[in-house]
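Everything on this sheet refers to the single structure shown next.
Basis for what follows: all heavy atoms, side chains included, without hydrogens, waters or symmetry-related copies. Residues: numbered from 1 along the sequence shown.
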Amino acid sequence: MEKDRKFDDRLTAAAGAAPRTAPLWQADPIACLRAPGIGSIIVRVKKKDVVFYQAMPADCVFYLLNGRVKLTALSSEGREATIALMRTGDFLGEECITGSQLVRTTTAIAISECIVLRTDRKALLEILRRDAQFFNFFLSFIVSRNVRMQEDLIDRLFHTSEKRLARILLLLAGFDSSGQTEIVVPKVSQETLAEIVGTTRSRVSIFMNNFRKLGLIDYDGDYSGDLLIRSSLRNILTKDG
């Protein structure tokens, strides 16, 4: 974790952003999940390893402390699709708290080295009942996730593939209001981006090269290593066509 903090500090310095300040509970909104007696455990997940599989029992919730995860779904005909990319600060498998969802509806696969906090369903429900601050934090995530899903649907219906790709990259970066102009994120394969955007890998490659020529993103010539995303990529979302 110390290594992760140092890496984050370097990214903040590179982006020229001022350190963010927040109320104490927001500085560690999941402190209650780490409390003695809760039983939460920290799990380190290697890149390409699975956090959980579709159809396995849905008996716990994961909080993504660090890294990136993709959610995939498999149809009864055997067709697989990537339906979402999750980033640090997101919950995974939270649908199990409803009680009616007994099995996982998606598979969660790490697309970078990840650290997740695993909390049993019953323990999480008890915390939600007694801790108003965590309840508000969890509710905020659920609402934000719902908004993102609606935006994904609107993207599919009305926007071009190029704009959909730009939005996915901006979501991966997670720009906030602190004035950051560029953020480095772990590389996501062009195949995965193509699945989410709903286009071909070749078109994703064309768009990525164009974004790079415009100075909106940067990456190694062979598309290896991390991906640098600049906030100016938002300009793609507002252009005509």
Go through Ile83 and Thr72 one step at a time and tell me if the side-chain contact (heavy atoms from CB on, under 4.5 Å) criterion holds.
CA-CA 6 Å; Ile83 60 174; Thr72 68; over 6 Å; no
Going by side chain to side chain donor-acceptor pair (under 3.5 Å), name the pairs with one or both residues in residues 99-113, residues two or more places apart or in two chains.
Thr98-Ser100
With ILVMFWY side chains joined below 4.5 Å, transitively, what does Phe158's cluster contain besides itself?
Leu153, Ile154, Leu157
Considering non-hydrogen atoms only, spot the tightest contact between Phe175 and Ser231 and give its length.
CZ-N, 3.4 Å
Before giving the answer on side-chain contact (heavy atoms from CB on, under 4.5 Å), spell out for Ile38 and Thr119 the whole-Å C-alpha distance, their side-chain angles and the decisive distance to 0.1 Å.
CA-CA 8 Å; Ile38 298 302; Thr119 305; 4.2 Å; yes
Qualifying residue, where the test is side-chain contact (heavy atoms from CB on, under 4.5 Å) with Ile115 and the options are Val43, Val45, Leu64, Leu65
Leu65
Between Phe134 and Ile41, is there shared hydrophobic-cluster membership here, with clusters defined by ILVMFWY side-chain heavy atoms closer than 4.5 Å?
yes
Taken in chain and number order and not counting sequence neighbours, the residues that satisfy side-chain hydrogen bond (donor to acceptor under 3.5 Å, both in side chains) with Arg230 are Glu182
Non-neighbouring partners of Arg234 that pass salt bridge (charged side-chain N to carboxylate O under 4.0 Å, His left out), sequence neighbours left out
none
For Leu139, side chain to side chain contact (heavy atoms under 4.5 Å, CB included) partners two or more places apart
Phe135, Val143
Yes or no on salt bridge (charged side-chain N to carboxylate O under 4.0 Å, His left out) for Asp155 and Lys163, after CA distance, side-chain angles and deciding distance?
CA-CA 8 Å; Asp155 249 3; Lys163 288 186 177 182; over 6 Å; no
With sequence neighbours excluded, what pairs up with Glu162 under the salt bridge (charged side-chain N to carboxylate O under 4.0 Å, His left out) test?
Lys239
Approximate separation, where rounding is to 0.5 Å, of Ile142 CD1 and Glu95 CD:
9.0 Å
Pairs touching residues 63-90 that satisfy salt bridge (Lys or Arg N to Asp or Glu O under 4.0 Å), sequence neighbours left out:
Asp90-Arg148
Taken in chain and number order and not counting sequence neighbours, the residues that satisfy salt bridge (charged side-chain N to carboxylate O under 4.0 Å, His left out) with Asp49 are none
Side chain to side chain, Arg167 and His159, heavy atoms closer than 4.5 Å
no
Residue pair Ile111 / Lys187, side-chain heavy-atom distance below 4.5 Å
no
Extract all donor-acceptor atom pairs below 3.5 Å that involve side chains of residues 121-130 and protein atoms in other chains or at least two apart in sequence.
from	atom 1	to	atom 2	distance (Å)
Arg121	NE	Cys96	O	2.7

Determine whether Leu237 and Ile206 fall in the same hydrophobic cluster, where Ile, Leu, Val, Met, Phe, Trp and Tyr are linked whenever their side-chain heavy atoms lie under 4.5 Å apart.
no
Of all heavy-atom pairs linking Leu92 and Met86, the shortest is CD2-CG, 3.6 Å
For the CD1 atom of Ile229 and the CG atom of Leu216, what is their distance to the nearest 0.5 Å?
11.0 Å
Qualifying residues under salt bridge (charged side-chain N to carboxylate O under 4.0 Å, His left out), relative to Asp131, sequence neighbours excluded
none
Among all residues two or more places apart in sequence or in another chain, which pass the ring-ring contact (aromatic ring centres under 6.0 Å, His included) test with Phe138?
Phe91
Here the gap from Leu169 atom CG to Leu85 atom CG, rounded to the nearest 0.5 Å, amounts to 9.5 Å
What's the shortest heavy-atom distance between Ala194 and Arg201, and which atoms?
CB-N, 3.8 Å
Interatomic distance, Phe211 atom CZ to Ile217 atom CD1 [nearest 0.5 angstrom]:
7.0 Å
Without placing hydrogens or testing angles, list every side-chain donor-acceptor pair under 3.5 Å for residues 50-63, not counting sequence neighbours.
from	atom 1	to	atom 2	distance (Å)
Gln54	OE1	Leu74	N	2.8
Gln54	NE2	Leu74	O	3.1

Quick check for you: to the nearest 0.5 Å, what is the distance between Asp28 atom CG and Arg34 atom CZ?
5.0 Å
Indicate whether any N or O donor in one side chain lies under 3.5 Å from an N or O acceptor in the other, for Ser189 and Thr192.
yes
Derivation and outcome, side-chain contact (heavy atoms from CB on, under 4.5 Å), residues Ile30 and Phe137
CA-CA 9 Å; Ile30 61 162; Phe137 173 72; 3.9 Å; yes
Shortest non-hydrogen contact from Cys114 toward Ala110
SG-CB, 3.8 Å
Is there a path of hydrophobic side-chain contacts, each under 4.5 Å between heavy atoms, that joins Leu71 and Met149?
no
Just by distance, no angles: are the side chains of Arg164 and Ser161 close enough, under 3.5 Å, to form a donor-acceptor pair?
yes
Check step by step if side-chain contact (heavy atoms from CB on, under 4.5 Å) holds for Leu165 and Arg203.
CA-CA 10 Å; Leu165 175 60; Arg203 286 182 62 79; over 6 Å; no
Quick one: pull up CD1 in Ile42 and CG in Leu33 and give me the separation to the nearest 0.5 Å.
11.0 Å
Determine yes or no for a side-chain-to-main-chain donor-acceptor pair under 3.5 angstrom, with Asn235 supplying the side chain and Ser232 the backbone.
yes
